[in-house]
Amino acid sequence: MSRVLIVGAGLTGSLCACLLRRELQVKVHIEVWDKARGAGGRMSTSRPPDPSSHSADLGAQYITATAAYTRSHHSLYSELLSAGILQPLHGLIEGLRQRDDTKDYVTPLGTCSVVKHFLSESDSVDASGADLFFERHVTGLFRRGASWEVQRKQGDSEMFDAVVLTMPVPQILQLQGDLGHFLSAEQQHQLHQVVYSSRFAIALFFPPDAILSVPWVAKYVTDNSCIRYVAVDSRKRNADTPGLGPSLVVHTSVPFGMEHLEWDKEDIQPIILKELHKLLPGLPQPISIKCQKWRYSQVLTSVPGCPGHMTVLDQPLLVCGGDAFSHSNFDGCVESALSMLSVLKASLTAAP
Ligand code: FAD
């Protein structure tokens, strides 16, 4: 049985694993590795240290579907809506530029529930499901005949017949071993053109009796150089549960994120909080606060000339995908996963 490794348990990797499991006619062994301790990647949902508050989405906030993507990704939207993973956005997002042909959706259980849904769909009771491993940090890829030897940070390695890389492009380019030898000069050039925005995100977790009296569920801020977006996260997700305190999410502006990119989170947190108190005077005291630096937040310039994926080598197969090969949102990741699926299907079902 062929062994396929998908690196990254974000949306692209998880959906790719799910679609492979559903659509591949031949049996393959699929593993998904992520260096983090949980699934989601940039669709991450943080649990508070104290369980008396709601969780908070530190990365992706809501899903906006254009009419064209609503049609072309109809089956995935229907699946997520009927499973209750997605719900229409009901609350007011102040400053959101509404377009007639778009629909906004929220995730009552947090954006990571979309990723977890596809991971659970990629799993199965028989041997054809994907095996998921966290805290597996890939550091190098070495070609060994018709296989890839994939090295982990811990020092050990495993062999696979096909490898799919879904992490941000700068992290792909950091991999040691043979990747650099197999990338053509043109491909190297294409990958180096990718540009990401950077920003910080803060989640504030409040006690059950805290009241956040604002008329919106989220707001785009235009008159503050530090803060770009604030959301009463639990309310935005239609998920306010009695007995649990609200959670508030703050995203900095991209210029602020870029300017302070090398600062420690501990030093940046008080600056953001000071600006937040100017925006929302009288904010109650949170129980806990979490700060996240998104070095690779959203793709500003995607990989040119490679819609969906880049095939580095056909045999043994090495493919790169992720939002850098399309655009930074749900549909961009779906496009990339679908495009990698066709390459994987062709390769794994080809006669030896
Ligand atoms: P990622 O989510 O980055 O997944 C890559 C995974 O690879 C990660 O889990 C990482 O841990 C893992 N990894 C990296 N290196 C290694 C390694 N060496 N070994 C093993 N694992 C590794 N999208 C929307 O649709 N709506 C929004 O409102 C929205 N807002 C956003 C706000 C912010 C602040 C951010 C950061 C993103 C936002 N996005 C939004 C974009 C969306 O989150 C991304 O487009 C999407 O999550 C990208 O998914 P991915 O699977 O391609 O990559």
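All ligand and atom numbering here is 1-based and tracks the order in the structure. The first residue in the sequence is number 1, and the count goes up from there.
Side chains of T102 and R97: a donor-acceptor N/O pair is absent below 3.5 angstrom, by distance only. Defined by atom type and a distance below 3.5 Å, a donor-acceptor pair is present between the side-chain atoms of E31 and W33. D104 and T64 are linked by a side-chain donor-acceptor pair at a separation below 3.5 angstrom, with hydrogens and angles left out of the test.
Given atom 11 (O) of ligand 1, the protein heavy atom at minimum distance is D34 OD1, 2.7 Å. Atom 47 (O) of ligand 1 has as its closest protein heavy atom M43 CG, 3.4 Å. In terms of protein heavy-atom proximity, atom 51 (O) of ligand 1 is nearest to T12 N, 2.9 Å. In terms of protein heavy atoms, atom 5 (C) of ligand 1 is closest to T166 O, 3.7 Å. Of all protein heavy atoms, the one closest to atom 39 (N) of ligand 1 is A60 CB, 3.7 Å. Protein heavy atom in closest approach to atom 53 (O) of ligand 1: R42 NH2, 3.1 Å. The protein heavy-atom contact nearest to atom 16 (C) of ligand 1 is K35 CD, 3.7 Å. Given atom 45 (O) of ligand 1, the protein heavy atom at minimum distance is D323 OD2, 2.7 Å.
Within ligand 1, counting atoms from 1 as listed, the ones closer than 4.0 Å to a heavy atom of F330 are 25 (O). Taking every heavy atom of Q61 and a limit of under 4.0 angstrom, the matching atoms of ligand 1 come to 27 (C), 28 (O), 29 (C), 30 (N). Against a heavy-atom cut-off of under 4.0 Å, G322 is close to the following atoms of ligand 1: 52 (O). For ligand 1, the atoms closer than 4.0 angstrom to any heavy atom of H137 are 17 (C), 18 (N), 19 (N). Of all the atoms in ligand 1, the ones that sit under 4.0 Å from a non-hydrogen atom of G10 are 2 (O), 4 (O), 51 (O). Near C333, meaning under 4.0 Å from one of its heavy atoms, ligand 1 places the atoms 45 (O), 46 (C), 48 (C), 49 (O), 52 (O). The atoms of ligand 1 that sit less than 4.0 Å from any heavy atom of V7 are 19 (N), 20 (C), 21 (N). Those atoms of ligand 1 with a heavy atom of G41 less than 4.0 angstrom away are 2 (O), 8 (C), 9 (O).
Nearest to atom 38 (C) of ligand 1 by heavy-atom distance, out of Q298, H327, R136, is Q298. Nearest residue to atom 26 (N) of ligand 1 from Y62, W33, F200, Y105 is Y62 (criterion: closest heavy atom).
Ring geometry, Y196 versus Y296: the interplanar angle exceeds 60°, so the pair is classed perpendicular (tilted spans 30 to 60°).
Any N or O atom pair closer than 3.5 Å counts here, and V138 shares at least one such pair with ligand 1.
By the 4.0 Å heavy-atom criterion, G59 is counted among the residues contacting ligand 1. For the ligand labelled ligand 1, residue G332 lies outside the 4.0 Å heavy-atom shell.
Exactly one residue among K116, R22, R21 makes a salt bridge (Lys or Arg N to Asp or Glu O under 4.0 Å) with E121. That residue is R22.
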Next on the checklist: Is there a side-chain hydrogen bond (donor to acceptor under 3.5 Å, both in side chains) between D240 and S234? Walk through the geometry before answering.
Outcome noted: CA-CA 5 Å; D240 267 341; S234 39; 3.2 Å; yes
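A 4.5 Å side-chain heavy-atom check between L212 and P284 finds at least one atom pair inside the cut-off. A heavy-atom distance below 4.5 Å is found between the side chains of V169 and F325.
With hydrogens and angles disregarded, a donor-acceptor distance shorter than 3.5 Å links the side chain of R228 to the backbone of V221.
Both tests hold for R3 against F160: distance to the six-membered ring centre under 6.0 Å, angle to the ring axis within 45°.
From F206, atom CZ reaches atom OG of S52 across 12.5 Å, with rounding to the nearest 0.5 Å. Rounded to the nearest 0.5 angstrom, L141 CG and E149 CD are separated by 10.0 Å.
When ring centroids are compared, H73 and Y105 stay outside the 6.0 Å threshold.
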